[in-house]
Amino acid sequence: ITAMGRMTPPEQIFQKTRQMLTGGDQLKGKKVVVSAGPTFEPLDPVRYLSNRSSGKMGYALADAAAAYGGKVVLVSGPANLQTPPGVQIVDIQTAEEMKRALTNHCRGADFLYMAAAVADYKPSSYNKQKIHRSAKSIKLDLSASPDILKNLGTNRPKVVVGFALETENLEARALDKMRAKKVDMIVANNPMEKGIEFGSESNRVTIFSRGGTKKKLDIMPKFDVAIAIIKESLNLAGRKKRGKK
C-alpha cells in the first residue's frame, strides 16, 4: 500500500535538532516558567493598548530551557511564533490573565524568566461598544496594571530573572528595577540600538546579578543570548545553594 506521507515541518525539525545538540541536563527535573510577548489591554471591542514586543526573546528562552532538560511552561501574550518542541504553552491576552497564569504555574517552580513586556497601564474602563469618532481628540483614563514580579509572594520561584528594556540610562535603571522587583538577576537592553530593534532576530544585553556581577554580551542571535542567560542563572543558583550550607 502506498499513500501520501506527512513530514514534520522543517522549522520544527531544526528546533528539535538544535535542542539536542545545544543543551545538557542541568535543568533536568527542574520546573522552568518563562513569560513572553506583549499584553493586550482592551479599550473597546476593536481597540487595545499594547507595545511592540515580538515575544522572540521569551520564546528563545523557553526553547533553550527545554534544551537543558527543563520542564518548561511558556506563558505567552499574543505572538505570531511557533511553540518550541517540548514546551507547554499557556496563551493569555491581558496583564491580569498573565498574573493569574504565572501565580498558578510558578507554584513549585525552580526558575522564572520574566521576559514578557507586560503593559504598565490599562484603560480604566472598557467600552462595550466601539468608540466612534466624534471630536478632534479624546482623553483616556488609564490605571496601573498589576506588578506581577513584585507581588509573586509565596509562589516566588527559587531563581527569578527579570528584564529591563530601556532607551536611556540603561545600567542605572536596570539596577533600580532589580532592587525594586527583588529579582536575582536582570537582563537589560536598548531596542534603539541598530541591529537589535523590536522584532529583530538578534539581541545585545547586559546581565546584572545580585552581588554586583555584570556581564555584557556582544550582539548575537536571540537563542544564543538565551543560552548565555540560562548559564548565568544556573551559576547564580549554584552560588545561592552553596551560600545556604
Exceeds 12 heavy-atom contacts within 6.0 angstrom, atom [atom1] of [X]:
{"X": "Arg179", "atom1": "CZ", "value": "yes"}
{"X": "Tyr126", "atom1": "OH", "value": "yes"}
{"X": "Lys30", "atom1": "NZ", "value": "no"}

- Task: State, yes or no, whether a side-chain contact exists between Val187 and Val225 at a heavy-atom distance under 4.5 Å.
- Result: no
- Task: Determine whether Ser143 and Lys122 make a side-chain contact, defined as any pair of heavy atoms from C-beta on separated by less than 4.5 Å.
- Result: yes
Return the minimal non-hydrogen interatomic distance between [X] and [Y], and the atom names on each side.
{"X": "Ala36", "Y": "Ala116", "answer": "N-CB, 3.6 Å"}
{"X": "Ile148", "Y": "Ala95", "answer": "CD1-O, 3.9 Å"}
{"X": "Gly162", "Y": "Leu149", "answer": "CA-CD1, 4.1 Å"}

- Note on the structure: The single option from Arg239, Lys215, Arg210 that satisfies salt bridge (Lys or Arg N to Asp or Glu O under 4.0 Å) with Glu232 is Lys215
Electrostatic pair [X]:[Y] at N-O distance under 4.0 angstrom:
{"X": "Glu166", "Y": "Lys177", "answer": "no"}
{"X": "Lys31", "Y": "Asp110", "answer": "no"}
{"X": "Lys158", "Y": "Asp184", "answer": "no"}

- Query: Can you hop from Leu81 to Val118 via hydrophobic side chains spaced under 4.5 Å?
  - Reply: no
- Task: Determine whether the side chains of Ser76 and Tyr59 contain a donor N or O and an acceptor N or O closer than 3.5 Å.
- Result: yes
